[in-house]
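Small disclaimer: the values here were computed from a predicted structure and weren't measured. Side-chain atoms are counted along with the backbone in the values below, which use heavy atoms only and exclude waters and symmetry mates.
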Amino acid sequence: MRSAGPKALARRHEELLFQRAYPGSEKEALAADRQLSQIAGQVEALRASGRDLTPLEEYDTCGIAGSGITAVFSYGVARHLLRAHGDAVDIEWDAYDCRDPLGRLLPQLLPLSAEDALVEAHVPYRDWVHAAAGTRSDLAWLVEAIEARWRGSRQRAERYDALQLPLRWNFGVSTATRTLMRLPGRELFLHTEPYLTRKDVSLDAIPKLPALAVRKLPRALGAVMLALARDTSAVRYRELHGFTWGDPRHVYEIDGGRGLKFYFSSVLPAHRLPLRACHSMSLWKNGVPVGYFEGLSLFERMEAGFNLYYTFRAGETAYLYTKVLQACHQMLGVTTFVLDPYQVGHENPEGLESGAFWFYRKLGYRSTDAAIGALIAKEEARIKRDARYRTPVETLKRLVAAAMVYELPGHEAGDWDQFQLRRMGLRTADGTAPKLPRALEKAKAAPEEIRYLELMRKEPQFRQQVLDLGRP
């Protein structure tokens, strides 16, 4: 396979990945894998010819074998990358322009550096780190020094994160890349019939669907799946709190059918949110990572963060999304799903262009704003009269200005329409926030938060307190 340049190579790469996730035959899947295995060599040939490889590091194309990325990651992800990928990851000093925090930290790790840091201008912090690192990478020394100096993961994260260090990750032929990451030994689901569309699924049917098959993974395998989730996010310049601090003791494999596997995980007790429960899922199709989901739950309400990677949006997105919500309902008992305005396009050009608003609206989501609801009704009437009509961008911007909500049948009270957790937090910032009932406080610190949500729904008085504080 030949490519005229980086952009053409990137386009072909996405075509092959989609073919591998949605193959029509085993032969097609094997052909896609074979051609993808050649990508790193083609990238190297472009580099050797002097071509600009910047197009391979852009937000919507990054993660290709043979290329790399430069990004600022949190302590949790930096530590993971260091342990999983070693010398392929190090500090990118030439991109570092925020040196004051390093000047405050280094004297705590290297006492003599205070002779420079506290009184001199233009301190060569890079030289200090190089000297201390010796034969190790600069990143390895810094992380090890922070871990030796502070015990708690929160303390370590605070010190490291304040540095805002850019890291360079040169992928090479790593299986962490989008090009090569696969789950081993998976039987393929072959798409010999037309793809399922939105008309083939119904969110309303979720409570009546047969339960999804679930199995809890052994701790070692749970750790592997969380590591893969961190990798597949990091190569795309992303990180997710639930993956970074996921608990390997509580990872579940959920079979979504049609080649879908979800890996559902909770968060380590030391890194949980004060009130909401946080759960995450990495989403896989025929062994290929295709997206992720993060759910932040309070009583029966979940803030649902769904991200399907660009490459796979022409596939069975509505079916996949239905199965994700079914998994959340089955595992956590949540019945109300809320979308932040940003997710459907508010101040988010990519969200507007992707058609996120109409995707969710056609699945049954409604706006929490009455005026926007009336405007939606007018737009839907226009679409019904003229199938060629497309909502103007300016109108679309008005439609996405408020949160959207979907309630499973029998749970359509609208209690959470005007609720904002931030509003509750600001109102109680003076220390007047209601305390968790004793049973919930105990459950919050338990090995996983599934029981916490179950008990929370049995506290109507506490629920009403929270609602009242979060409403206008």
Side-chain angles (χ1 to χ4, degrees), residues 1 3 5-23 28-47 53-71 73 77 80-81 84-85 88-89 167-184 186 188 224-240 243-244 259-263 280-293 306-315 317 320 350 354:
M1 182 180 68
S3 176
K7 291 184 178 179
L9 178 63
R11 285 194 297 271
R12 182 57 179 156
H13 179 270
E14 305 316 298
E15 292 169 358
L16 289 168
L17 267 186
F18 185 88
Q19 178 181 318
R20 177 56 180 78
Y22 285 86
E28 195 173 290
L30 288 171
D33 272 337
R34 183 175 63 254
Q35 293 182 61
L36 286 165
S37 70
Q38 300 167 5
I39 291 286
Q42 294 171 40
V43 172
E44 185 55 40
L46 289 172
R47 182 181 289 108
L53 299 185
T54 302
L56 301 184
E57 297 189 22
E58 294 175 358
Y59 190 72
D60 56 349
T61 57
C62 57
I64 296 176
S67 66
I69 58 170
T70 299
F73 290 112
V77 173
H80 161 75
L81 294 177
H85 305 291
V89 184
L167 303 184
R168 179 65 187 175
W169 183 5
N170 292 313
F171 299 142
V173 292
S174 171
T175 55
T177 58
R178 296 195 298 119
T179 314
L180 302 174
M181 183 176 282
R182 302 286 183 274
L183 292 182
R186 298 289 171 179
L188 293 174
V224 169
M225 294 312 304
L226 285 169
L228 291 177
R230 287 190 287 270
D231 278 343
T232 196
S233 296
V235 298
R236 294 170 168 87
Y237 296 111
R238 295 174 169 95
E239 57 178 285
L240 207 65
F243 293 156
T244 302
L260 290 174
K261 296 287 185 182
F262 307 148
Y263 291 89
S280 302
M281 281 189 280
S282 58
L283 314 176
W284 302 72
K285 171 75 171 178
N286 279 326
V288 178
V290 296
Y292 61 85
F293 180 89
F306 171 67
N307 191 300
L308 186 68
Y309 301 136
Y310 304 102
T311 309
F312 308 104
R313 292 179 183 176
T317 306
L320 189 158
E350 192 279 326
S354 71

Could you tell me which non-hydrogen atom of [X] sits nearest to which non-hydrogen atom of [Y], and how far apart they are?
| X | Y | value |
| --- | --- | --- |
| Phe18 | Thr311 | CD1-O, 3.4 Å |
| Gly172 | Ala40 | O-CB, 4.4 Å |
| Val235 | Phe171 | CG1-CE2, 3.9 Å |
| Thr70 | Glu57 | N-OE1, 4.3 Å |
| Ala234 | Leu81 | CB-CD2, 4.3 Å |
| Ala31 | Gln19 | CB-NE2, 4.4 Å |

Would you confirm whether [X], through its side chain, and [Y], through its main-chain N or O, come within 3.5 Å as a donor-acceptor pair?
| X | Y | answer |
| --- | --- | --- |
| Thr61 | Pro55 | yes |
| Arg178 | Cys62 | yes |
| Thr179 | Ala65 | yes |
| Arg47 | Gly66 | yes |
| Thr232 | Ala229 | no |
| Ser67 | Ile64 | yes |
| Thr244 | Leu240 | yes |

Are [X] and [Y] close enough that some pair of their side-chain heavy atoms sits under 4.5 Å apart?
| X | Y | value |
| --- | --- | --- |
| Leu320 | Val290 | yes |
| His80 | Phe243 | no |
| Val288 | Tyr309 | no |
| His13 | Leu17 | yes |
| Glu44 | Val173 | no |

Rounded to the nearest 0.5 Å, what's the gap from [atom1] on [X] to [atom2] on [Y]? Could you check?
| X | Y | atom1 | atom2 | answer |
| --- | --- | --- | --- | --- |
| Asp231 | Thr177 | CG | OG1 | 9.5 Å |
| Lys261 | Met281 | NZ | CE | 14.5 Å |
| Tyr292 | Ser280 | OH | OG | 10.0 Å |
| Leu16 | Ile39 | CG | CD1 | 6.5 Å |
| Ile69 | Glu58 | CD1 | CD | 13.5 Å |
| Ser354 | Leu308 | OG | CG | 10.0 Å |

[X]: partners by side chain to side chain donor-acceptor pair (under 3.5 Å), with sequence neighbours left out:
| X | answer |
| --- | --- |
| Arg182 | Asp33 |
| Arg34 | none |
| Ser37 | none |
| Asp60 | none |

Checklist entry - Salt bridge check: are Glu14 and Arg313 linked by an N-O gap of less than 4.0 Å? => result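 No, no charged N to carboxylate O under 4.0 Å.
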
Checklist entry - Do the numbers put Lys285 on top of the ring of Phe312, so that NZ or CZ is under 6.0 Å from the six-membered ring centre and no more than 45° off the axis? => result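 No.
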
Item to check | Arg236 charged N/C atom sitting above Tyr59 aromatic ring, 6.0 Å / 45° | outcome: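 Arg236 over Tyr59 ring: no.
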
Checklist entry - Tyr263 and Trp284: side chain to side chain contact (heavy atoms under 4.5 Å, CB included), yes or no, with the steps? => result CA-CA 8 Å; Tyr263 291 89; Trp284 302 72; 3.6 Å; yes

Checklist entry - Is there a side chain to side chain contact (heavy atoms under 4.5 Å, CB included) between Leu283 and Leu260 once you walk through the steps? => result CA-CA 7 Å; Leu283 314 176; Leu260 290 174; over 6 Å; no

Item to check | All ring pair (Phe, Tyr, Trp, His ring centres under 6.0 Å) counterparts of Phe306, not counting sequence neighbours | outcome: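 With sequence neighbours excluded, Phe306 shows a ring pair (Phe, Tyr, Trp, His ring centres under 6.0 Å) to Tyr321, given in chain and number order.
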
Next on the checklist: Going by the rule ring pair (Phe, Tyr, Trp, His ring centres under 6.0 Å), which residues pair with His85 if we only count those two or more places apart in sequence or in a different chain?
Outcome noted: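 Per chain and number, His85 pairs via ring pair (Phe, Tyr, Trp, His ring centres under 6.0 Å) with Trp169.
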
